[in-house]
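Everything on this sheet refers to the single structure shown next.
Whatever order the structure lists them in is the order used to number ligands and atoms, beginning at 1.
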Amino acid sequence: MPPALSISQCIDLHIHSTASDGSFSISQIIEAARNLGLRAISITDHDTLEGSLEALGHFQSSSPEILSGIELSADFPSGTMHILGYMIRVDDSAFLNMLERIQGARSERNLEIVKKLQALGINLEYDEVIEASGGGQVGRPHFARVLISRGVVQSAEEAFSKYLRKGKPGYADRYRLKPAEAIEAISHAGGVPVLAHPFTLEAESQGALEEIVVELKANGLKGIEVYCPDPNPEDRTKYERLAWRYGLLMTGGTDFHGAAKPDVHLGVGKGDLRIPYSLVENLKACRS
Ligand code: AMP
Ligand code: FE
Ligand code: FE
Ligand code: ZN
């Protein structure tokens, strides 16, 4: 067996903060990354650059190295499609305007969820959910937290499987960008668009996944998140093969959310993930 990669040469390019649905603030994430000894990180909050802005504003000059990041939800018939964007210009006005539109649609969706839960006899007010979000963007995990604190459910998993997941009685849909729009928006803002955690697409076969990747690449996709806490770790080889075949970059991150996903740890995922810094060098080379 080759020697394990030293953590000081490792990275985590998929992290959520309290700016979206993570439970760690930016300074807590930076402190945890420093304690662990990670070399580079990216804060990739859902549909907002606020987390990246704060990280770059306060911690840019010290270690770990910080890359700006975001995770956009895209409209896709099966499963969930998320497109990560790295090294975006965080002051790009067209990009920020687009995020405002998406955030407006999210707020409308959240009010729909409140109505649906109330109609089910759950006595919950939107203000409580806003409070649970700690001032960041409100998402379904914050609804889950309120449902837990009310004793309606015992865990986030139960909140999603009983109420919040697609097809469940508290679910409300929201406007999402088309995949090509998400990719183009990231590219126009100077960023590198990457397909996040391919397994959440729920593709029926490797061939089906390949077709999706080919179409995304035709739309300007530049990379695939190969290193992630995948439920089937053996699938990593399949993602690697796709990256090689289609000339896509490989990236990696844990999708750390703190308390919302307690079994996933910063930098190391479920414990054994080690993501090499060379991926950051490739990302930088792709943009320059
Ligand atoms: P939203 O963006 O508000 O629609 O919320 C989606 C977020 O909910 C995802 O990014 C995950 O963090 C979280 N999530 C989705 N499914 C589950 C689940 N089954 N259990 C816990 N959290 C989940
Ligand atoms: Fe999330
Ligand atoms: Fe995601
Ligand atoms: Zn994520």
**Asked** Is the centre of the H14 ring less than 6.0 Å from the centre of the H82 ring?
**Response** no
**Message:** Less than 4.0 Å is my threshold; does some heavy atom of P141 fall inside it relative to ligand 1?
**Reply:** yes
**Fill in**
Here the atoms of ligand 1 under 4.0 Å from any heavy atom belonging to G139 are 3 (O)
**Item:** Atom indices of ligand 1 within 4.0 angstrom of R109 heavy atoms, with elements
**Value:** 1 (P), 3 (O), 4 (O)
**Message:** Does either side chain, that of S62 or that of R34, offer a donor lying less than 3.5 Å from an acceptor on the other one?
**Reply:** yes
**Sub-4.0 Å heavy-atom approach of E71 to ligand 1** = no
**Message:** With the threshold set at under 4.0 angstrom, would you say H142 reaches ligand 1 through any of its heavy atoms?
**Reply:** no
**Near-ring test F256/F24, centroid separation under 6.0 angstrom** = yes
**Message:** Among all the protein's non-hydrogen atoms, which is closest to atom 7 (C) of ligand 1, and how far away is it?
**Reply:** D21 OD2, 3.4 Å
**Prompt:** At what distance is the nearest protein heavy atom to atom 20 (N) of ligand 1, and which residue and atom is it?
**Reply:** E157 OE1, 3.3 Å
**Item:** Residue pair E131 / H142, side-chain donor-acceptor N/O under 3.5 Å
**Value:** no
**Prompt:** With sequence neighbours excluded, what pairs up with K168 under the side-chain hydrogen bond (donor to acceptor under 3.5 Å, both in side chains) test?
**Reply:** none
**Prompt:** At the Fe ion (ligand 2), what's the angle from H46 NE2 to D21 OD2, rounded to 10 degrees?
**Reply:** 100°
**Asked** Which atoms of ligand 1 are found less than 4.0 Å from any heavy atom of H257?
**Response** 12 (O)
**Asked** Vertex the Fe ion (ligand 3): angle to ND1 of H82 and NE2 of H197, to 10°?
**Response** 110°
**Prompt:** Considering only protein heavy atoms, which is closest to atom 14 (N) of ligand 1, and at what distance to one decimal place?
**Reply:** F160 CZ, 3.3 Å
**Request:** Would you kindly specify which portion of K166 sits under 4.0 Å from ligand 1, judged on non-hydrogen atoms: side chain, backbone, both or neither?
**Result:** neither
**Prompt:** Can an N, O or S atom be found in H257 less than 2.8 Å away from the Fe ion (ligand 2)?
**Reply:** yes
**Message:** To check your reading of the model: name the closest protein heavy atom to atom 10 (O) of ligand 1, its residue, and the distance in Å.
**Reply:** H46 NE2, 2.8 Å
**Request:** Give a yes or no on whether D255 keeps an N, O or S atom under 2.8 Å from the Fe ion (ligand 2).
**Result:** no
**Prompt:** In terms of side-chain heavy atoms, does Y277 have a donor or acceptor partner in E65 at a distance below 3.5 Å?
**Reply:** yes
**Complete:** When distances are taken from atom 4 (O) of ligand 1, the protein heavy atom at minimum range is R140 NE, 2.8 Å
**Asked** Looking only at non-hydrogen atoms, which of R176, R106, R165, E158 approaches atom 1 (P) of ligand 1 most closely?
**Response** R106
**Request:** Would you please say whether a donor-acceptor pair under 3.5 Å links the side chains of Y246 and E210?
**Result:** yes
**Prompt:** Regarding S42 and T44, is there a side-chain donor-to-acceptor distance under 3.5 Å anywhere?
**Reply:** no
**Request:** Before giving the answer on side-chain hydrogen bond (donor to acceptor under 3.5 Å, both in side chains), spell out for R174 and S73 the whole-Å C-alpha distance, their side-chain angles and the decisive distance to 0.1 Å.
**Result:** CA-CA 10 Å; R174 67 185 162 98; S73 301; 3.2 Å; yes
**Asked** Taking just the N, O or S atoms of E71, which one is nearest to the Fe ion (ligand 3)?
**Response** OE2
**Request:** Indicate whether the side chain of D230 and that of Y239 have a donor and an acceptor atom separated by less than 3.5 Å.
**Result:** yes
**Message:** Measuring only between side-chain heavy atoms, which start at C-beta, is I88 closer than 4.5 Å to I70?
**Reply:** yes
